[in-house]
There are 2 protein chains.
Amino acid sequence: MQEAARRSGIERRRVTIRDVGRAAGVSVATVSRALNGSESVTLETRARVQRVAKELDFVPHAGAQSLSLQRTDTIGVILPDLHGEYFSELIRGLDLGARNCRRNLLLSASHGDISEAIGALRTMRSRVDGLVVMSPFTDGDLLVDAVNGAVPLVLLSTRASAGADAAFGVDNRAGAAAVTRHLLDEGHRPIAFIGGPADNLDAQERLRGFREAHVEARVKPGPVLRGNFREESGFSAGLLLLQKRLPDAVFAANDAMALGCLQALREAGVRIPEDVALAGFDDIPLARFLDPPLTTAGVRIAEIGRQAVECCVGLGEGRATAPTQNLFAPTLVVRASSLNRRRAGPPPSPTGGTT
Amino acid sequence: MQEAARRSGIERRRVTIRDVGRAAGVSVATVSRALNGSESVTLETRARVQRVAKELDFVPHAGAQSLSLQRTDTIGVILPDLHGEYFSELIRGLDLGARNCRRNLLLSASHGDISEAIGALRTMRSRVDGLVVMSPFTDGDLLVDAVNGAVPLVLLSTRASAGADAAFGVDNRAGAAAVTRHLLDEGHRPIAFIGGPADNLDAQERLRGFREAHVEARVKPGPVLRGNFREESGFSAGLLLLQKRLPDAVFAANDAMALGCLQALREAGVRIPEDVALAGFDDIPLARFLDPPLTTAGVRIAEIGRQAVECCVGLGEGRATAPTQNLFAPTLVVRASSLNRRRAGPPPSPTGGTT
DNA sequence: TTGTAAGCGTTATCAG
DNA sequence: CTGATAACGCTTACAA
């Protein structure tokens with residue numbers, strides 16, 4: 001038939017429901033009913049069909065089922081990236097949610113490009129029952145348009161768009177303010193800030209929290225550098241900081257950049273936290289293994305992913321499982337990197353540590 | 001019609017090719033041809049169809065296309081886990097390969113359970129054009145049976161099964177031997193080994209490399225502990241080691257366990273590498289950020305993923321892109337954690353360091 | 001209880 | 001160049 005049917009290798013035709021029917025001496029309808037547990041099938045018929053199906057190693061064609069049933073049992077996910085500690089944690093949560101709901105995960109990366117995200121969206125929207133999209137762009141409405149109501153849409157890290165069915169995010173402002181306050185409380189000033197991409201909502205809010213905490217404390221903020229949330233940009237920012245008089249502390253808008261900055265400073269012989277204190281945001285698993293362990297704003301990344309998927313599935317089933325807008329509050333995680341040890345002479349013992 | 005068609009929320013019917021045809025005053029066949037760039041369509045007709053399609057925001061239904069075309073443009077991937085540094089890197093490579101080939105990625109985790117893996121396989125095999133499966137179980141044949149030739153199957157970290165179309169892996173034995181030799185060359189002995197799961201092929205081979213290097217050097221190996229490749233098991237192993245006289249060095253079968261062991265030892269006040277040297281396997285991104293940076297066997301994880309996907313796609317298109325069996329050679333990555341600093345008194349300066 | 005046949009949304013064949 | 005129409009593999013009214 002179809003030209004494309006020419007398979008490479010052994011031409012092994014799929015076993016279809018028709019084959020099972022023929023072999024069992026019943027119609028395809030009966031096979032379908034028998035295999036899907038419909039009431040109206042004789043026990044005897046069902047048994048025979050099941051036996052034959054097993055013998056023939058029949059596996060229903062999921063694509064055909066989807067077409068007929070109008071559901072795919074698949075949730076599409078579009079993230080800026082698929083790797084790195086942050087997304088890895090997120091994916092763990094997404095997977096967890098998908099397992100709980102017995103759904104598959106169709107994953108795609110937008111690489112931070114909104115047009116790529118929209119492209120992926122259009123490819124996906126007819127393959128999935130729902131979409132979970134992380135689009136930290138300021139203009140999430142474009143995404144909503146692309147989905148066009150075809151399937152439930154759950155947004156991550158996005159200002160609630162009127163069109164989206166739900167949104168999950170982190171209270172970045174509060175988290176950043178908490179970290180900033182902590183640094184100020186430790187006596188560090190000025191505090192430099194390494195920000196994220198300008199068009200990234202999370203980044204904007206974190207900067208805002210940083211500034212508000214300074215206003216509140218009546219302290220003048222240190223320099224604000226631009227980064228892109230990647231480790232390298234933190235490294236570059238660190239180099240930049242080294243060119244002038246060092247601030248007392250550096251607050252990077254995420255842990256990856258804090259890590260990069262840490263490297264740059266350390267390579268220059270700057271001690272953390274004795275010479276410069278350091279803090280990040282996200283609490284990626286790596287944070288506590290750094291030397292020194294990194295102070296940061298703890299976000300339950302995986303939990304967000306899980307809830308997002310489960311909410312998305314729920315929406316597809318007509319349940320409104322969660323409020324439209326869900327904001328997770330980060331918790332301040334104080335580790336050694338931010339403590340004020342300027343007074344200390346020799347490095348303290350590994351276990352102890354003065355505050 | 002179909003019961004399931006009742007959608008929650010606004011009942012927004014999909015725009016189908018039929019709608020476009022009607023609006024453009026042509027048949028569905030012509031719409032299909034016009035949109036898919038067939039030669040035999042008047043320029044004028046094509047233009048009109050395209051305009052109408054855009055106006056109606058028509059997006060072809062991927063599922064229906066798949067059913068008709070017998071291809072899904074999707075590669076299925078089954079991994080033991082979706083998170084953690086190792087799989088994160090692997091996924092990065094898989095994504096890269098998929099992008100290069102313009103394919104989607106259907107991801108699933110087997111959580112180390114072969115029956116779960118088989119379940120996922122059966123769900124997937126009619127949704128994808130090919131499968132990339134990482135099944136570090138000793139019996140990969142079960143997987144081959146489950147796929148049953150329906151689509152190309154590429155195995156990761158598995159002994160080449162007759163039934164698989166290709167396999168990618170790491171030369172675990174050589175890598176482990178190299179690390180072991182390095183530790184012995186540094187003068188460490190005995191060396192304890194923290195192994196992976198017993199039924200895991202990678203783990204078996206790494207243990208073998210460890211032993212062979214000892215035989216070759218005519219040195220008696222230290223104790224061999226059992227782990228499961230996760231951080232916690234490395235931690236437990238570390239605790240176990242602490243109960244007896246400490247070995248000169250510990251070689252963990254992967255970096256995650258090395259990390260766990262490092263923690264256990266450090267919490268007990270043991271200095272690395274002064275008191276005990278440490279090495280891992282994989283060179284996950286985290287390894288170089290540890291304190292001290294971890295000596296390990298460097299595996300180009302992402303590269304394996306990329307090649308596996310591209311090979312899988314190639315197989316589906318009838319091309320035999322790569323040899324059936326592909327073994328990547330790890331490179332020894334020597335960092336501070338394995339050096340012999342037993343002679344040194346006080347901790348060396350951050351920059352320097354004796355060998 | 002079972003079979004027939006009409007969809008699900010495409011593409012491809014075959015006449016016109 | 002274009003239009004019917006038969007697949008693709010499955011589910012489900014409707015009839016028997």
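Each chain gets a letter, A, B and so on, in the order its sequence line appears, and its residues count up from 1.
One finds no salt bridge joining B/E44 and B/R51 here, because no Lys/Arg side-chain nitrogen approaches an Asp/Glu carboxylate oxygen to under 4.0 Å. Taking the charged nitrogens against the carboxylate oxygens, A/R92 and A/E303 have no contact shorter than 4.0 Å, which rules out a salt bridge. Taking the charged nitrogens against the carboxylate oxygens, A/R103 and A/D95 have no contact shorter than 4.0 Å, which rules out a salt bridge.
Look at CZ on B/R14: it is 11 Å from C1' on C/dC8, rounded to the nearest Å. For the pair A/F58 CZ and D/dG9 C1', the interatomic distance rounds to 8 Å; values are reported in whole Å. B/L67 places its CG atom 7 Å from the P atom of D/dG9, with the value rounded to the nearest Å. The separation between B/E39 atom CD and D/dC1 atom C1' is 12 Å, rounded to whole Å. With rounding to whole Å, B/N36 atom CG is found 16 Å from D/dC1 atom P. C/dA12 atom P lies 11 Å from atom CD1 of B/I17, rounded to whole Å. Taking atom CZ on A/R71 and atom P on C/dG7, their separation rounds to 22 Å, with Å as the unit. Taking atom CZ on A/R18 and atom C1' on C/dG3, their separation rounds to 13 Å, with Å as the unit.
Nucleotides of DNA chain C nearest to B/A29 and B/G63 differ in position, and the one nearer the 5' end is that of B/G63. Comparing B/V59 and B/R33 by the nucleotide of DNA chain C that holds the closest heavy atom to each, the one mapping nearer the 5' end is B/V59. Between B/G25 and B/A64, the one whose closest nucleotide on DNA chain D sits nearer the 5' end is B/G25.
Taking only side-chain nitrogens and oxygens, A/T16 never comes nearer than 4.0 Å to OP1 or OP2 of D/dG9. For D/dA4, neither phosphate oxygen OP1 nor OP2 lies less than 4.0 angstrom from any side-chain nitrogen or oxygen of B/S27. Applying the 4.0 Å criterion to OP1 and OP2 of C/dT1, one finds that A/T42 has every side-chain N and O outside that range. Dashed line: the shortest gap from a side-chain N or O of B/Q65 to OP1 or OP2 of C/dG9 is not under 4.0 Å. Contact between the side-chain N/O atoms of B/S32 and the OP1/OP2 oxygens of C/dT11 is found at a separation under 4.0 Å. A sub-4.0 Å separation between OP1 or OP2 of C/dC8 and a side-chain N or O of A/Q70 is absent.
Comparing C/dG9, C/dT1, D/dT2 by their closest approach to the side chain of A/S40 singles out C/dT1. Closest approach to the B/T30 side chain among C/dC8, C/dT10, D/dG3 is made by D/dG3 (side chain taken as heavy atoms from C-beta onward). The side chain of A/T45 lies closest to C/dT1 when the candidates are D/dG3, D/dA13, C/dT1.
Side-chain to base pairing of B/S68 with C/dT10: one donor and one acceptor N or O lie within less than 3.5 Å of each other.
Within 4.0 Å (heavy atoms only), A/V20 reaches no atom of the nucleic acid at all.
Contact annotation: the side chain of B/V147 approaches that of B/L131 to within less than 4.5 Å [non-hydrogen atoms, C-beta and beyond].
To the nearest 0.5 Å, the span separating OG on A/S126 from CZ on B/R14 amounts to 5.0 Å.
Just one of B/I75, B/V77, B/T123, B/L106 meets the side chain to side chain contact (heavy atoms under 4.5 Å, CB included) condition when paired with B/V128; it is B/L106.
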